[in-house]
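I have placed the structure first, in the form of structure tokens, so that the comments after it can refer back to it.
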Amino acid sequence: MKMATEKKSTLNMKTIVAVTLIVVIVLGGTGGYYLWYLPAEQARIAEEAKRAAEEVLKRKNALIPHPDTFVHQVIGDPQFLDPATDYETAGGYIILNVYETLIFYKGGSAAKVEPLLAEEMPTITNNGMTYTFKLRKNVKFHDGTPFNASAAKFSIDRMITINEPDGPSWMYDAIKGAAKYISSNMTDADVKVYLAAGGIEVVDNYTLRINLDKSYSPMLYILAFSGACVVSPTAVMKHGGVVPGKHNDWMDKNMVGTGPYKFVEWVPRQRVVIEAWEGYWRTPAKIKRAIIQTVPELGARELALFTGDADAVGIPAANIWDIMQKDPWVKERKIALRADLSLKPTGTSMSVYAAYPQFAVNYIGMNVKHKPIDNKDFRYGLSYAFDYKTFIDEIANGFMEPGKGPIPKGLFGYDDKVSTFSYDPAKAKEYFAKAKAAGAYQDGLKLAYYYNAGNEVRRRGGLLLKDSLDKLNVGFTIDVQELDWPTFLAKTRRGEAPLFLVGWVVDYADPHDFAQPFGHSSGTLAKRVSLNIPGLDEKIMKAAEVTDPVERQKMYTEITNIINQEAYYIWVGQPTNYFVLRDWIRVKIDPELNMPDQANPMFYGYYLYTMWKGYEK
Amino acid sequence: MRLRDYIVKRLILLVPVLFGVTLIAFTLSHVIGDPVAAYASERTPEWQIKQIILQKGLDKPIYVQYGVYISDLLKGDWGYTRSVNDRPVTEVIREFFPATFELTTVSLVMIIIIAIPLGIISATHKDKPIDHVTRLFALSGVSMPVFWLGLLMLFVFYYQFQIWGLPSLPSGARLDQLIYPPFTAVTGFYLLDSLLQLRVDVFLDALIHLIMPAFVLGYNGVTVVTRMMRSSMLEVMRQDYIMLARSKGLPERIVIYRHAMKNAMIPTVTMVGLSFGGLLTGAPITETVFSWPGLGRWAAAAILRTDFSAISGFAIVSALVYVMANLIVDILYAFIDPRIRLG
Amino acid sequence: MPSDSQKPRVRTRREAQIDEVKFSLHLLRQSPLAILGIALIVFTVGAGVLAPFIAPYGPEQRQWDKSLQPPSQEHLFGTDETGGDVFSRVLWAIRIDLGLALLIVVSSLVIEVMVGSVAGYFGGKVDETLMRVTDVFLAFPSLILAMAVAAALGRNLYNLSLSLVVTGWAGGARLVRGVILSEREKLYVEAARAVGATRRRIMFQHVLPNAIYPLLVSATLSLGGTILGFAGLSFIGFGAGSGMAELGYMIALGRDYLYRFPWVATFPGLTIFFIVMGFNLVGDGLRDILDPRLRR
């Protein structure tokens, strides 16, 4: 009996050991599978997928034509490459990349400025009349000479001394002594007087002080404008120096600055070439070379974009359908304020970054010097006769915001609720009838309407107005005429144009830059329509001095309402800015580094420092 | 008269023609246009404008102004062009001249190597299919708006070919911007410079860039010269001495090339010379369509901006070239055809 | 006695001329290319003349929301960038282009005949001077002269026409002079002189009528060239403006849309092509017919 029990216990031991072993193996296997094999396998798969994606990326990147060079085809040549004399967008674009100012716009904001060549924001003392800047050290010019306070003083003094009548110097007249010099004969004696006034002081090697002769809130933004760019004094003195009232020919055609790109060559009416500079005070730019070609023919530019010969081209709003092909994204596009920038690429391999309303205003000027425009009912008739919606939707292809007044949307001082006109044929007919009854004009009247040659949107705007007037049948129509730009400018400046469609682009981000030219009787645009509204001048000058934003806004709303009610201008719209690029262009906005990004309404052209070519996100 | 006397006589006749051309240019820029605009721009201050008026005698009577104008021309002061940032006209001409010259020269070569053989073939195979095709082609050339042809060719050969993956011709520009190592021209005549610097790649690249614009520019000339060649060949082949050559038993090829062609060439040479003038005239339009950086594009833009100093500068230069070309043609003509210089 | 009907009758000059014209028409009928040319001309000119009746829309009738539509039943040639009907605009444009071209050629012809006759008639110093003048005009690049004149006087259709007359007359004048000079040497002139006819009578009654034929050929051919020149200059920006219906101007406007919306520029271009081709074919045909050496 003992034997049977013993045998059973041996069996039990064996079973237990066997079962345990099996359990251990199974557990171990499963565990091992999950803990080692599967993750390893997944890692391997992930690794392969990543490598495959990299391969695809590499192959896609390999197909990018000229990966180190950025080719941009534009409509027009720069006028000058000297920040002291240039005052137009084509030159401003190049200057933006080659020269730098003490302070510059932050990110996409047109209201916030940040230090660039200055180390920190300036201290403003003396009731807003003194700005003290601490400058950055270890910054060099492209010719190797060091940047310091005397270089900065030299640059601004030089810009004022040259005083190019069509240039930026007028904006800086708040600087002590500048206003007096600008209106003088610019002799050597006048220069001495200006320098003695002490508008710009070198406190020490890296501290600069700017003194104004009155409190002037826009000054900070004006210092961010390209007129205050710092140029290399050594280079200037080596090539002709500074002559009061005269251009420096060499500086007009060459550039020596502190920016991320240095100047290589300018072949007039053909191209400007700039190269990334290794000695830049921040990390050198990623795009090594940039060629900005002047190609006046739209068809050639479009072809270059499609084939990849050009990375970016200028396309007028009237032709934007060639690129967008009535993309559904465009229909629901949101024209965002600068604060909400959505740089959403669209289309297959083309990108159109339509981001924000530009700080510009397009308008039809009605010059009251020409009868019967001096009759207010007549002007009201015209204002109601313009088909605003068709203009924006069909002619500008949607790349325009409705215009409400001289101050553009997005800029402080803009008010959505000012009184405006709309397209109302019945009302138009009424007002024209009133004007005719008062004897202002007779049937068969034809007035000349001018636009500048090449601008399709403005040409069609004229035809649109003509069609509306013809449909209204009030005995009056317009004669749409094209003029080349210099003649157009001259005619409108002399007040010889009864009706004309043109635009005004921002210089510095302050409502005064719009209110004064449009509304003040001495304003450059007001003169073209012979505008004189009693009492308005004082209001405009006062609004520039007020510092309380709430009160200031109230004043600009009032000013806009007054201008609109007098009906000197038909606000046809505010253009939306957009960029047309191939989709391999990447823009990186780095908030840490104080880099303005692409979609800053204060820019002309691209800020290449933030861009590179590749398909990485 | 001897050949030398003939040349001298022709050279002398040049003078009144040039005189007339400068007169027209002067009328355009000083009488119809505003002479001050040639030396000033919107930005020039008042006192400088007064200085200019005094210096150039613009307050004196017309014939004095003309005298000043001519002496300025001879001195090398042709005014400033506001179409190119107010640079001196002479500088601009020097800069753009090589591009247009290369274009018209290659065009001329194309005309010669295409039109003359085509004309001969058409004449020798009269009324056969190839003749009809050639005649239709020739007619199309004279009927087609050249700028339209240029646009179509750009579309097909530059854009569509790339889409279809075929080797394509480039658009605009005289050289590929991204050619490596970078190439700097010395004289501005890229074909010459590239050979001088022993850069065959640049030479070929420049040539490829020239093909389409030169073809479009010369298209009209090709067709005109083809027709001329054909009709003069036909006329020559009817002559007695051709019948004589044939009856002597000479092979047809010798008859055509040795006897007929040489004599048929004479009026054709004149035509080729005249078509050179047509090339200059067509340059503004063709250069505009292809964005070719030459004198023509400058002239077209200048005219739209009423930049009269540029207009008269271009007019004088092209009149000079045209007259020179005609002179060369006439001399060649006299050389080839003994009847002219002896009669 | 032989009957009168068998004696060869001497034809009067009038009868001879009519017979010649009949023969020319006969030859014309035998040349297929010339007939094609005539057909083209009749077709296009007819379309232009009948424009007010067959064009569905006016020359400047725009529908802003229907821009750049492809050809359809409603718009045979599609619409252009302002919503105008391309088919109608082409028809209206034919009137302008052809009408002005005709005006230009006729005006040039008048000047050419006057200058050429005076040069050929008087010969000598008068001839030399006039030839120098034409040389100057020929040497001056014609396009530039036309553009400059148009720019100076203002850019509209009439000034453009004027400038084309100014540049075009020189070549024709030389032709007329050449013909007159060669006719002067001919036997019949000498015969007339021997009989005692005055120079003026020879000129008007004998020489000029013979000079008409090459002039006719040259005028037909130059009509085509004028249309091309007119379109070319309008293309660059002279002449027509602001929405007018003119063929060269329409191509200029449509050029920006050539790749996506080709009909805007293609149809005007084709129209120019066919009209000019027509005139060239007819001119060529006329030249072959009227050349006395090829005639018999």
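Throughout, protein chains are lettered first and strands after them, A, B, ... in sequence-line order, and every chain is numbered starting at 1.
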Next item on the list: Please name the residue in the list B/Ile93, B/Leu279, B/Leu295 that meets the side chain to side chain contact (heavy atoms under 4.5 Å, CB included) test with B/Thr100.
Entry: B/Leu295
Next item on the list: With a 4.5 angstrom heavy-atom cut-off, could you sort out which part of B/Val289 is near chain C: side chain, backbone, both or neither?
Entry: both
Notebook entry, point to check: Which bit of B/Ser231 comes within less than 4.5 Å of chain C, counting heavy atoms only: side chain, backbone, both or neither?
Noted result: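 The answer is neither part of B/Ser231.
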Notebook entry, point to check: Measuring heavy-atom distances to chain B, does C/Phe273 have an atom under 4.5 Å in its side chain, in its backbone, in both, or in neither?
Noted result: both
Check: When rounded to the nearest 0.5 angstrom, what is the spacing between CZ in B/Phe26 and OH in B/Tyr69?
Finding: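 Answer for the CZ-OH pair, B/Phe26 versus B/Tyr69, is 8.0 Å.
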Item checked: Summary of side chain to side chain donor-acceptor pair (under 3.5 Å) pairs that have at least one residue in residues 274-285 of chain C, sequence neighbours excluded ->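 Qualifying pairs: B/Ser143-C/Asn280, B/Arg227-C/Asp284, C/Asp284-C/Arg287.
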Notebook entry, point to check: Got a sec, which residues hit salt bridge (Lys or Arg N to Asp or Glu O under 4.0 Å) with C/Asp80, two or more places apart in sequence or on another chain?
Noted result: C/Arg89
Check: For chain B, which of C/Leu270, C/Leu247, C/Ile275 has the most heavy-atom pairs under 4.5 Å?
Finding: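 So the answer, after comparing C/Leu270, C/Leu247, C/Ile275, is C/Leu270.
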